[in-house]
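What follows is one structure encoded as structure tokens, with my remarks underneath.
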Amino acid sequence: LSLIYNEPLSIRCYMTSMNHLSLKNTGSPQEPQESVKRGREDEVMTELVRDFLDPAQFYQAVKNIGVDFFCGVPDSLLKDFCAYVTANTSKEHHIITANEGNAVALAAGYHLATGKYGMVYLQNSGLGNIVSPVLSLAVPEVYSVPLLLLIGWRGEPGKKDEPQHQVQGKASQKTLDAIGVPYSILPDYIEGAQQVLSSAKQHLETVKGPYALLVKRQTFLPYKLPPDASDIFPLNREEALKVIVNALGEMDVTVGTTGMLSRELFEYREAKHQGHGRDFLTVGSMGHASAIALGIAVNKPERQVYCLDGDGAAIMHMGTMATIGQNGTTNLKHIIINNGAHDSVGGQPTDAGHHDTFFFTQIAKGCGYKEAWVATSEDDIRSGILKMKDMAGPVLMEVKVNKGARKNLGRPTTTPLENKKEFMANLEKPS
């Protein structure tokens, strides 16, 4: 049982044993507080202090060392800070990039134009995307580009997380060591954060290369983006997904993209008692679902293969659309569910949310897809699936939906290896 006092920049918890408070559990509401007070006076209680960084104060501390340009890919551990940056920085000084490597290059361009250094934020799963631009562009031995990396440390050793994050978490420090990027773990209180930022500044100014800050889970105080415009489409992602699944045939297979879409797909199959052999759930490897789907479609030409993609994921490695279009695989059907947001990591916007100027359909046709169209309603989606079944691919249907997900959305209860085994067994069935 704990009593929590809210103080500026920190949450201070005073904890005592259940045995100590059980003597008072029939009294008035004030009695546990009095018990805590007496326990502290008797030195029976242990005081534990847990601090959280205020995103606003950290943002100012970062600007105080000369960083006023921000770019990157949003992350769940950084979502509160990323939301603050999105809400409080001009578009000239904050750009959400297609992928993490783009962000390093963008920060390099900023440095070349201004002589200053910027911040690149990312999840540690994006470390692989920055290896080439760091080693061949930013390191002191090449173009010597100073930049501050803010990295969400999913799968931090000793913390429970999804299998793909546990693997990434163990490798994060080794990866930074291997590419020669020094790092500090970001403290969860402002004075400590200012100290590591001071060290980072010294490195940026003297060594003139990248410096990284690893961010543990629950480092930041909550900060949410201000509410945006009301819903403009009839459906949200999960509602659209159910319409898609209901329209697919028993022998059709899907490749679900990273994030909430695959979690919703898993739960809907559970609710329908259909098993999971028809779906490959891409729990990691953001942006690569379409390439996985292409690899399956080329080698299982008798099966209809549907890639259930997301807008942020499709943008992250959009070059795959060129490969798909020019390969001309007739049984590959690409569906991008576009909610204009990185929904799984805080709802920061994607470029695809600019519906007046951004068009997946035109990109697909330019890459060589046979046909591409937009759907928004249930009827649009159902008729679109029927159209896809009768057409030679590759074809694309963009489904525009509202952002947001239900708060009780769970995660797959099977392991990635179990999903792989069941999916491969299904692919071996005669069509």
Side-chain angles (χ1 to χ4, degrees), residues 58-59 62-63 65-75 77-79 81-152 175-176 179-181 183 197 200-201 203-205 207-215 286-288 311-321 340-342 345-346 348-354 357-358 363:
F58 182 64
Y59 178 78
V62 168
K63 294 191 75 171
I65 67 164
V67 174
D68 64 355
F69 181 78
F70 304 83
C71 59
V73 178
D75 165 50
L77 301 193
L78 306 177
K79 64 182 180 182
F81 178 71
C82 289
Y84 187 88
V85 172
T86 299
N88 293 277
T89 309
S90 69
K91 64 179 182 180
E92 293 80 15
H93 287 83
H94 178 221
I95 299 176
I96 297 175
T97 56
N99 62 55
E100 298 84 358
N102 291 166
V104 171
L106 182 60
Y110 170 78
H111 171 70
L112 293 173
T114 66
K116 298 191 290 185
Y117 35 83
M119 171 183 280
V120 172
Y121 56 80
L122 65 148
Q123 187 179 110
N124 56 344
S125 60
L127 280 172
N129 285 336
I130 72 169
V131 168
S132 177
V134 165
L135 288 178
S136 60
L137 175 64
V139 294
E141 296 86 346
V142 186
Y143 286 105
S144 193
V145 177
L147 55 91
L148 183 63
L149 300 168
L150 188 71
I151 304 171
T175 301
L176 291 170
I179 62 176
V181 174
Y183 62 88
L197 285 172
K201 180 182 180 181
H203 178 86
L204 298 173
E205 291 180 341
V207 180
K208 301 187 185 303
Y211 190 93
L213 300 177
L214 285 172
V215 181
M286 182 175 173
H288 293 298
D311 51 305
I315 290 171
M316 179 167 278
H317 291 294
M318 195 180 288
T320 304
M321 291 180 69
H342 288 284
V345 291
Q348 284 80 17
T350 69
D351 289 330
H354 300 119
T357 56
F358 186 98
I363 294 168

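We count residues from 1, following the sequence as given. Values in this document were obtained by computation on a predicted structure and should not be read as measured data.
- For Thr89, the side chain to side chain donor-acceptor pair (under 3.5 Å) partners are Tyr59, not counting sequence neighbours.
- Considering all non-hydrogen atoms of both residues, Ala352 and Phe358 come closest at CA-CD2, 3.6 Å.
- Partners of Lys63 according to the salt bridge (charged side-chain N to carboxylate O under 4.0 Å, His left out) rule, which considers only residues two or more places apart in sequence or in another chain, do not exist here.
- The shortest heavy-atom contact between Gly72 and Ala103 is CA-CB, 3.7 Å.
- Scored by the side chain to side chain donor-acceptor pair (under 3.5 Å) test, Glu141 finds no partners at all (sequence neighbours excluded).
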Residue pair Val73, Asn102: steps toward the side chain to side chain contact (heavy atoms under 4.5 Å, CB included) verdict: CA-CA 9 Å; Val73 178; Asn102 291 166; over 6 Å; no
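- The heavy-atom pair separating Pro210 from Leu149 by the smallest distance is CB-CD1, 4.4 Å.
- Interatomic distance, CD1 of Ile130 versus CD1 of Ile179, reported as 5.0 Å (0.5 Å rounding).
- Among all heavy-atom pairs drawn from Pro74 and Cys82, the shortest one is CA-SG, 4.3 Å.
- Among residue pairs with one or both ends in residues 117-128, those qualifying as side chain to side chain donor-acceptor pair (under 3.5 Å) are Asp75-Gln123, His94-Tyr121, Gln123-Ser125, Asn124-Ser172; sequence neighbours excluded.
- Remark: His111 engages no residue in a side chain to side chain donor-acceptor pair (under 3.5 Å) (not counting sequence neighbours).
- Annotation: side chain to side chain donor-acceptor pair (under 3.5 Å) contacts of Ser90 (sequence neighbours excluded): Glu92, His93.
- With rounding to the nearest 0.5 Å, the separation of OG1 in Thr175 from CD1 in Ile151 is 9.5 Å.
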